[in-house]
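Written below as structure tokens is the structure these notes are about.
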Amino acid sequence: MWDSIVAENTKRILAERGLCLKIAAELAGYEAASFNDLLTGREPITDRDIIALSDAFGVEPNELFAS
């Protein structure tokens with residue numbers, strides 16, 4: 001399993017915006033199960049995922065890495 005600040009920040013953004021996992025996954029271009037795997041550390045988050053997430057949620061990639 002992979003621990004990821006990106007996953008934690010993505011979860012925070014989803015909570016702030018009131019987005020459920022399924023809708024968030026669709027916005028980012030993922031199947032819900034695959035998106036869940038990224039957020040729970042079952043799959044690593046790649047550079048392509050960073051771009052997809054930042055584009056989908058209208059944030060700068062750096063915001064996903066903020067601590």
Side-chain angles (χ1 to χ4, degrees):
M1 290 191 96
W2 289 271
D3 289 329
S4 170
I5 190 70
V6 173
E8 295 306 314
N9 283 329
T10 300
K11 291 177 199 175
R12 176 187 50 80
I13 291 166
L14 300 183
E16 289 173 355
R17 297 179 183 190
L19 292 172
C20 70
L21 184 86
K22 182 178 180 187
I23 298 298
E26 290 174 6
L27 288 172
Y30 295 92
E31 294 290 329
S34 297
F35 191 66
N36 186 56
D37 287 347
L38 290 175
L39 297 185
T40 58
R42 286 189 209 104
E43 292 292 330
I45 296 175
T46 68
D47 55 343
R48 289 183 180 181
D49 298 319
I50 299 295
I51 293 167
L53 295 171
S54 63
D55 287 349
F57 306 124
V59 298
E60 292 295 322
N62 287 342
E63 186 173 339
L64 297 172
F65 289 98
S67 52

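As the structure is a computational prediction, the values presented were derived from the model and not from experiment.
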* **CA sep, side-chain torsions, deciding dist, call: Leu14, Ile23, side chain to side chain contact (heavy atoms under 4.5 Å, CB included)** => CA-CA 10 Å; Leu14 300 183; Ile23 298 298; over 6 Å; no
* Heavy-atom neighbours of Lys11 NZ exceed 12 at 6.0 Å ->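 It does: Lys11 NZ has more than 12 such atoms within range.
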* Atom CD of Glu60 with >12 non-hydrogen neighbours under 6.0 angstrom ->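 No.
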* Positive for side-chain contact (heavy atoms from CB on, under 4.5 Å) with Ser54, one of Asn62, Asp49, Leu64 ->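 Answer to the side-chain contact (heavy atoms from CB on, under 4.5 Å) test with Ser54 among Asn62, Asp49, Leu64: Leu64.
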* **Common cluster, Ile45/Phe65, ILVMFWY with side-chain heavy-atom separation under 4.5 Å** =>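 Cluster IDs for Ile45 and Phe65 match.
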* Asked: Going only through I, L, V, M, F, W and Y residues with side-chain contacts under 4.5 Å, is there a path from Ile51 to Leu27?
  ->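 Different clusters.
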* Do Ser34 side-chain atoms and Tyr30 backbone N/O form a donor-acceptor pair below 3.5 Å? ->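 No, Ser34 side chain to Tyr30 backbone: no donor-acceptor pair under 3.5 Å.
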* Asked: Short question: side chain of Asn36, backbone of Leu21 - any donor-acceptor pair under 3.5 Å?
  ->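 No, Asn36 side chain to Leu21 backbone: no donor-acceptor pair under 3.5 Å.
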Please find the pair of heavy atoms, one from [X] and one from [Y], that lie closest to each other, and give the distance.
{"X": "Phe35", "Y": "Ala28", "answer": "CE1-CB, 4.4 Å"}
{"X": "Gly58", "Y": "Arg17", "answer": "N-NH1, 4.3 Å"}
{"X": "Ala7", "Y": "Leu39", "answer": "CB-O, 3.7 Å"}

* Asked: Rounded to the nearest 0.5 Å, how far does CZ of Phe57 lie from CG of Leu19?
  ->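 Here the rounded value is 6.5 Å.
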* To do: Measure the CG-CD distance between Asn9 and Glu16 for me, rounded to the nearest 0.5 Å.
  =>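 Rounded to the nearest 0.5 Å, the CG-CD separation comes to 9.0 Å.
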* Is Arg12 salt-bridged to Glu8, going by a charged N under 4.0 Å from an acidic O? ->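 Looking at Arg12 and Glu8, the cut-off is not met.
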* Taking side chain as C-beta onward, heavy atoms only, is Leu38 less than 4.5 Å from Thr10? ->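 Side chain of Leu38 against side chain of Thr10, heavy atoms only: no contact under 4.5 Å found.
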* Check salt bridge (Lys or Arg N to Asp or Glu O under 4.0 Å) between Asp37 and all other residues, then give those that pass, not counting sequence neighbours. =>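 Partners of Asp37 under the salt bridge (Lys or Arg N to Asp or Glu O under 4.0 Å) test: Arg42.
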